[in-house]
Number of protein chains: 2
Amino acid sequence: MGETAGRSLRADAERSVRAILEAAERVLAEEPGASMEQIAAAAGVARTTIHRRFANRQALIEALASSAARQLARAVEDGRPDTAPPLVAMHRITANVLQVKSAWAFALELPADPDSEAAALHQDIARRCIAVLKRAQDDKLIDGAADLDWVRRVYYALLGESLRGNADDADPDTLATRIIDTLLHGAGPRA
Amino acid sequence: MGETAGRSLRADAERSVRAILEAAERVLAEEPGASMEQIAAAAGVARTTIHRRFANRQALIEALASSAARQLARAVEDGRPDTAPPLVAMHRITANVLQVKSAWAFALELPADPDSEAAALHQDIARRCIAVLKRAQDDKLIDGAADLDWVRRVYYALLGESLRGNADDADPDTLATRIIDTLLHGAGPRA
DNA sequence: CTTAACTGCATCATCGCTGTTGCGGTTCAT
DNA sequence: ATGAACCGCAACAGCGATGATGCAGTTAAG
C-alpha cells in the first residue's frame with residue numbers, strides 16, 4: 001500500500017511529500033530515467049529527504065501512481081457518472097479527467113503492478129466508464145451492436161491524444177466537446 | 001545518418017546488425033531502461049559486438065528508430081496512397097502499418113530528434129497520410145469541415161490502441177476494418 | 001516551553017552500466 | 001588458400017546513481 005497506511009505526518013513533512021510527488025511527475029514526464037538528485041532539486045529538497053520518505057525509487061513511483069490514480073478516480077466521481085444524463089456525465093467527466101491527466105500524465109500512463117492500489121483504482125474507473133457508456137447505449141447515443149470495451153479504449157485513446165504536444169492551450173470544455181463528438185460520430189459527414 | 005552511410009558490411013556482420021536491432025526492439029519494448037548486456041544476450045551476441053557497430057547506446061537507439069521508420073514508410077508506400085481509391089488505400093495502408101507497428105512498437109514510439117532521419121521520414125509519412133485523408137474528404141467520406149490534422153492524430157491513436165495488450169491475435173484486415181469504421185463513423189448508431 | 005519530528009549537509013561504501021582494448025580463434029570474400 | 005574482417009572473451013578504468021548514516025540546526029505540536 002506504500003505510504004497510505006503510515007500514521008499522520010507532521011505538517012511540514014506532508015508538504016515535503018507533496019512537493020516531491022509533484023516534482024517527480026514534472027521531471028519524470030520529461031525524462032523517465034531521471035535521477036533522484038534531479039527530482040530532489042526540482043522539489044527544493046535534499047536527496048536524502050526523499051529516501052527518508054520513500055525507501056526505493058520503486059516505492060516513490062508506486063506512491064506517485066497511487067496518488068494520481070486517486071485524483072483520477074475523484075475526477076470521475078465528480079462527474080456523477082451514474083445519476084447525471086449520459087451525455088452530461090460524459091462531458092463533465094471528460095473535462096475533469098483532462099485536467100487531472102494533463103497534470104499527472106506520466107504517473108497515469110505508468111504500467112501498474114497488477115496487485116497495487118493504482119491498478120485497483122484504474123480497474124474501478126474502467127468499470128464506471130463502461131457503465132456510463134452502457135447508459136449512453138440505452139439512450140441510443142451509441143450503436144446497440146457496439147463493443148463497449150472497444151469504445152472505452154477508443155475513448156481513452158482520444159483523451160490521451162488530446163493532451164499531446166501543446167498541453168493546455170485550449171480550455172478543457174472545448175477539448176471535451178471535440179472528444180465526445182469524435183467518439184460518437186467519427187470524422188464522417190454530419191447528418 | 002547513423003549507420004546508413006558506412007560501406008557495405010560483410011555478410012555475417014550484416015546478420016549481427018539485424019539480430020541486434022531486432023533484439024533491441026524486443027527487449028526495450030518490455031523494459032525501456034534495459035542494459036546493453038540484456039540486449040546482447042537476446043541477440044545471441046557479445047556485448048562488445050554491439051559497441052563495435054554502434055558507438056553509443058544513443059547511436060543504437062537512433063539506428064533502431066531509422067530502421068523502423070524506413071519500414072513504416074515502405075508499408076505506407078505499398079498501399080499506393082495517391083493512386084488507389086481513398087477507401088482502398090486507407091484499408092491497405094492500415095493493414096500494412098499494423099503489421100510493421102506491431103513488430104516495431106518501441107522503435108516507432110520513440111521521441112525522434114528533430115533533425116534525424118527518422119524524424120524526416122515520420123514527417124513525410126504524416127504528409128502522405130494527410131494527402132490520403134484529403135482525397136477521402138473530396139470523395140465526401142470525411143466531413144468537409146473536419147480538421148484533417150485532428151483526424152490524422154485520431155487515426156494514429158486508433159492504430160496505437162489496436163495494438164495494445166493482445167497484440168496480434170486478430171488478423172490485420174479485421175483490425176483495419178474496425179479502425180477505419182471507427183474513424184469514419186465513431187461509436188454512434190449506424191444509418 | 002519543551003520535546004520530538006523533521007531537514008540539510010557531508011560522507012561513505014557499493015553497485016551496475018558504459019565504453020575501451022588486446023588477443024586468439026572463426027568466418028567470409030576473392 | 002590466403003588475408004582481411006569479424007567475433008567472443010576477459011579485463012580494465014571510469015562514471016553516476018543508489019542507499020545508508022551521523023550530526024547539527026530548524027520547525028511544528030503538545
Side-chain angles (χ1 to χ4, degrees), chain A residues 1-65 67 106-107 110 113, chain B residues 1-65 67 106-107 110 113:
Chain A
M1 308 301 170
E3 300 295 312
T4 309
R7 78 197 167 297
S8 62
L9 298 170
R10 229 175 62 176
D12 54 350
E14 194 121 17
R15 254 176 298 159
S16 289
V17 171
R18 299 190 78 88
I20 291 169
L21 290 178
E22 286 167 12
E25 164 63 36
R26 245 177 304 151
V27 172
L28 294 177
E30 283 199 353
E31 196 185 325
S35 67
M36 304 292 258
E37 187 74 51
Q38 292 174 264
I39 297 173
V45 149
R47 184 173 63 90
T48 45
T49 299
I50 298 186
H51 283 115
R52 259 189 274 266
R53 298 293 157 209
F54 307 96
N56 295 333
R57 178 191 188 81
Q58 176 70 14
L60 170 60
I61 301 285
E62 276 177 22
L64 182 59
S67 165
F106 172 81
L110 220 46
D113 187 35
Chain B
M1 310 298 163
E3 300 294 312
T4 309
R7 78 199 165 297
S8 63
L9 298 170
R10 229 175 62 178
D12 54 350
E14 193 120 19
R15 254 176 300 162
S16 290
V17 171
R18 299 190 76 89
I20 292 169
L21 290 179
E22 287 168 11
E25 163 63 36
R26 244 177 305 150
V27 173
L28 294 178
E30 283 198 353
E31 195 184 326
S35 68
M36 304 292 256
E37 187 74 51
Q38 292 175 265
I39 297 173
V45 150
R47 184 174 62 91
T48 45
T49 299
I50 297 186
H51 283 115
R52 260 190 275 265
R53 298 293 157 208
F54 308 96
N56 294 334
R57 179 192 188 81
Q58 176 70 12
L60 170 60
I61 301 285
E62 277 176 22
L64 182 59
S67 165
F106 171 81
L110 220 45
D113 187 34

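Order of the sequence lines fixes the chain letters, A, B, ..., with proteins taken first and strands second; residue numbering starts at 1 for each chain. Only this structure's heavy atoms are used, side chains among them; waters, hydrogens and symmetry mates stay out.
The closest donor-acceptor contact from the side chain of A:Q38 to the backbone of A:S35 lies under 3.5 Å. With A:E25 contributing its side chain and A:A107 its backbone, the two residues share a donor-acceptor pair below 3.5 Å.
In this structure, B:N56 reaches the C:dG19 phosphate: one of its side-chain N or O atoms is under 4.0 Å from OP1 or OP2. Contact annotation: B:R10 side-chain N/O to D:dA4 OP1/OP2 distance is not under 4.0 Å. Note on B:R53: a side-chain N or O is less than 4.0 Å away from OP1 or OP2 of D:dC7.
Note on A:T48: a base of the nucleic acid sits closer than 4.0 angstrom, heavy atoms only. Counting non-hydrogen atoms under 4.0 angstrom, A:R52 reaches a base of the nucleic acid. B:G33 comes within 4.0 angstrom of nothing in the nucleic acid, heavy atoms only. Within the 4.0 angstrom heavy-atom criterion, base atoms lie near B:R47.
The side chain of B:H51 lies closest to C:dT18, out of C:dT18, D:dC7, C:dG8. Taking every side-chain heavy atom of A:T49 into account, C:dG8 is the closest of C:dC6, C:dG8, C:dC28. With C:dT7, D:dG19, D:dG8 as the candidates, the nucleotide lying closest to the side chain of A:S16 is C:dT7. When each of C:dG8, D:dC6, C:dT7 is scored by its nearest atom to the side-chain atoms of A:V45, the top-ranked nucleotide is C:dG8.
Atom CD in B:E31 sits 14.5 Å away from atom CZ in B:R26 (nearest 0.5 Å).
We find that CZ of B:F54 is positioned 15 Å from P of C:dT18, with the value rounded to whole Å. Per the geometry, CZ belonging to A:R15 stands 18 Å off P belonging to C:dA5, to the nearest Å. Computed from coordinates, the B:I50 CD1 to D:dC6 C1' distance equals 15 Å when rounded to whole Å. One interatomic measurement links the two molecules: CD of B:E37 to P of C:dG19, which rounds to 13 Å at whole-angstrom precision. Separating the CG atom of A:D12 from the P atom of D:dT27 is a distance of 9 Å, rounded to the nearest angstrom. For the pair B:R57 CZ and C:dC17 P, the interatomic distance rounds to 10 Å; values are reported in whole Å.
The minimum heavy-atom distance between B:A46 and B:A40, with the atom names listed, is C-CB, 3.9 Å.
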Inset, instruction - Show your working on side-chain contact (heavy atoms from CB on, under 4.5 Å) between B:F54 and B:I20 and close with a plain yes or no. - result: CA-CA 10 Å; B:F54 308 96; B:I20 292 169; 3.9 Å; yes
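Residues A:A11 and B:E14 both approach DNA chain D. Their nearest nucleotides, taken by heavy-atom distance, put B:E14 toward the 5′ side.
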